[in-house]
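Just below is one structure, and these are the notes that go with it.
Quick note on labels: first sequence line is chain A, next is B, and so on, each numbered from 1.
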Amino acid sequence: MEWVYVEDLKDHIGESVELRGWVWRSRSSGKISFVTFRDGTGFVQVVLERETLGDEKFKSVKRLPMETSIVVRGKVREEERAPGGVEILAEDVQVVHKPDEPYPITKPDHGIDYLFDRRHLWIRSRRQFHILRLRDKVIQAIRKFYWERNFVLIDTPIFTGAIGEAAGNLFELDYFDYGKVYLAQTGQLYLEAAALALGKVYNLGPTFRAEKSKTRRHLIEFWMNEAEVAYYGHEDNLKLQEDLVSYIVRYVLEHGLEHLEFLGRDIKKLEKVEPPFPRITYTEAVKLLKKKGFDIEWGDDFGGDEETAIAEEFEKPVFVTHYPRKAKAFYMQPDPENPDVVLCDDLLAPEGYGEIIGASERIADYNLLVERIKEFGLPLEAYDWYLDLRKWGSVPHSGFGLGVERTIAWIAGLEHIREAIPFPRTLYRVYP
RNA sequence: UCCGGCGUAGCUCAAUCGGUAGAGCGCCCGGCUGUUAACCGGGUGGUUGGAGGUUCGAGUCCUCCCGCCGGAGCCA
């Protein structure tokens, strides 16, 4: 008998098949019992009848505890009364492992701390199943987007010297006799080197921020997708970002619709995400916020409330461009028309999900970059190799970083980013 | 780090003004051939986060500590 996964059952209607998986829940009656069965690819209802299985077999399997692992053989049939429209009429059930203790996650009324203490088990639950499948789709979309455009994947290092966007917020480790090294906050500087070698490059991997951030938009360890392209200016950069984000949303709508529907996501809102995205300059955004009653002055950075207030003016993600030089990182190219602002953008997701991209054109001129490093009080010697990039064949180039979990949280409509990653690292949690 | 909230059965919560510690779910036993978080009957279950204090009497009030949740700052 052929071993079939739940996700492929629709191709086997009327056949007898073997399923290997686990009991999610079961409901038992006197002579019939319904098992919600899961195998990692989906959930399906298995019907156990006394008449089909015989008295003895039925008695032994009619009340299997949650998370009993079982192999089921039976007939696949369309059934209107079954959730999902397809069910299995069991002809044989073999128990692989029957738990001795009650499964700790039962009805959906547990507290968030209890659930995260049992994250290794919680990921078996339906909601988590759908979220993690969506995450997989988002990452598939990212890789496919760059692959289709002939970008080269550059895996940037996790251990780095003391360089990055800021000196603080770094996790410090001892590295043999070398001394202190730090966990990467960004692969950007390495991607800039790679862009000058390979043209169009990207990365996708974990990054670490030792920020004591305690909000629904922050993780200590999160995944970032960064891209960097030689000879790209500010405008090319914006175009690439809106193409990427639209591509991800379209891909998920096409390949992950059932997951979005399970999570109750408003699909119509996602369908509107097509290029071009609206744009607003920082200066215009400040005016808008003042009109809305915010106490903000030109030069201040935006907080979560400000970002939400800007984003709610638009149905699509919105670019906020041309931030004040002093509010942003040292490597950003000044606007030739106004040196107080830089050629950068933040992409704000709709519905209050905040910043999902930070981007800029990078400074190409050696002397200007040295000046900025000094101006920001950074140690010049740590940037030796980075400055080298401006010594030989320096060119204008631009890039950005996309926060993977924030993108997932937005697309999936999650209340908190911690559900968007299998095992979240938050301020007070590294277990499990 | 700062501000606010919470901590009671395995879980989610209730307990009036300071006056006998409760419910639902889970689990165990029994019943039921179409359940959808099944349902019905019975049973099981407590150092009220910890230490100290006020009081005739503290889950409830006070002090300190611990843990968690929400938010701020910072950021993707």
> Do the charged groups of A:R217 and A:E405 touch, with an N to O distance under 4.0 Å?
Replying inline: no
> Within the structure shown, what part of the strands sits under 4.0 Å from A:L219 by heavy-atom distance: base, sugar-phosphate, or nothing?
Replying inline: base
>> Within the 4.0 Å heavy-atom criterion, would you say A:S28 contacts the bases, only the backbone, or no part of the nucleic acid?
In response: base
>> Return the pairing partner of B:U35 with a 3.5 Å limit on both distances, Watson-Crick or G-U wobble; otherwise return none.
In response: none
> Whole Å only: how far is the CZ atom of A:R63 from the P atom of B:G26?
Replying inline: 10 Å
>> Using the six-membered base ring of B:G34, report whether A:F34 stacks on it, requiring centroids under 5.5 Å and planes under 30° apart.
In response: no
>> Any strand counts, and the cut-off is 3.5 Å on both contacts for Watson-Crick or G-U wobble. Which nucleotide pairs with B:U47?
In response: none
> Quick one: are the ring centres of A:W122 and A:F116 less than 6.0 Å apart?
Replying inline: yes
> For B:A14, which nucleotide is its Watson-Crick or G-U wobble mate, given both distances must be under 3.5 Å?
Replying inline: none
> Does a side-chain N or O from A:R418 land closer than 4.0 Å to OP1 or OP2 of B:G70, or not?
Replying inline: yes
>> Categorize A:E221 for me: base, sugar-phosphate, or nothing, with a 4.0 angstrom heavy-atom threshold over every strand shown.
In response: nothing
>> For a quick check of understanding: with a heavy-atom distance under 4.0 Å over all strands, which category does A:R50 fall into, base, sugar-phosphate or nothing?
In response: nothing
> Hey, does A:E101 reach any base, or is it just sugar-phosphate, or nothing, if we go heavy atoms under 4.0 Å?
Replying inline: nothing
> Should A:K59 and A:D55 count as an ion pair when the cut-off is N to O under 4.0 Å?
Replying inline: no
> NA contact type, A:E415, heavy-atom cut-off 4.0 Å: base, sugar-phosphate, or nothing?
Replying inline: nothing
>> Quick test of your reading of the model: are A:R279 and A:E235 salt-bridged, counting only N-O distances below 4.0 Å?
In response: yes
>> Within the 4.0 Å heavy-atom criterion, would you say A:Y114 contacts the bases, only the backbone, or no part of the nucleic acid?
In response: sugar-phosphate
>> Need one value for A:E211: base, sugar-phosphate or nothing, where a base atom within 4.0 Å counts as base even if backbone is also close, heavy atoms only.
In response: base
> Does B:G67 have a Watson-Crick or wobble mate here (both distances under 3.5 Å), and if so which one?
Replying inline: B:C6
>> What contact category does A:L402 fall into here, base, sugar-phosphate, or nothing, at under 4.0 angstrom with non-hydrogen atoms?
In response: nothing
> What nucleic acid atoms does A:Y428 come within less than 4.0 Å of, heavy atoms only: base, sugar-phosphate, or nothing?
Replying inline: sugar-phosphate
> With a 6.0 Å cut-off on ring centres, are A:Y247 and A:F145 close enough?
Replying inline: yes
> Taking a pair as Watson-Crick or G-U wobble with both distances under 3.5 Å, which nucleotide is matched to B:C61?
Replying inline: B:G53
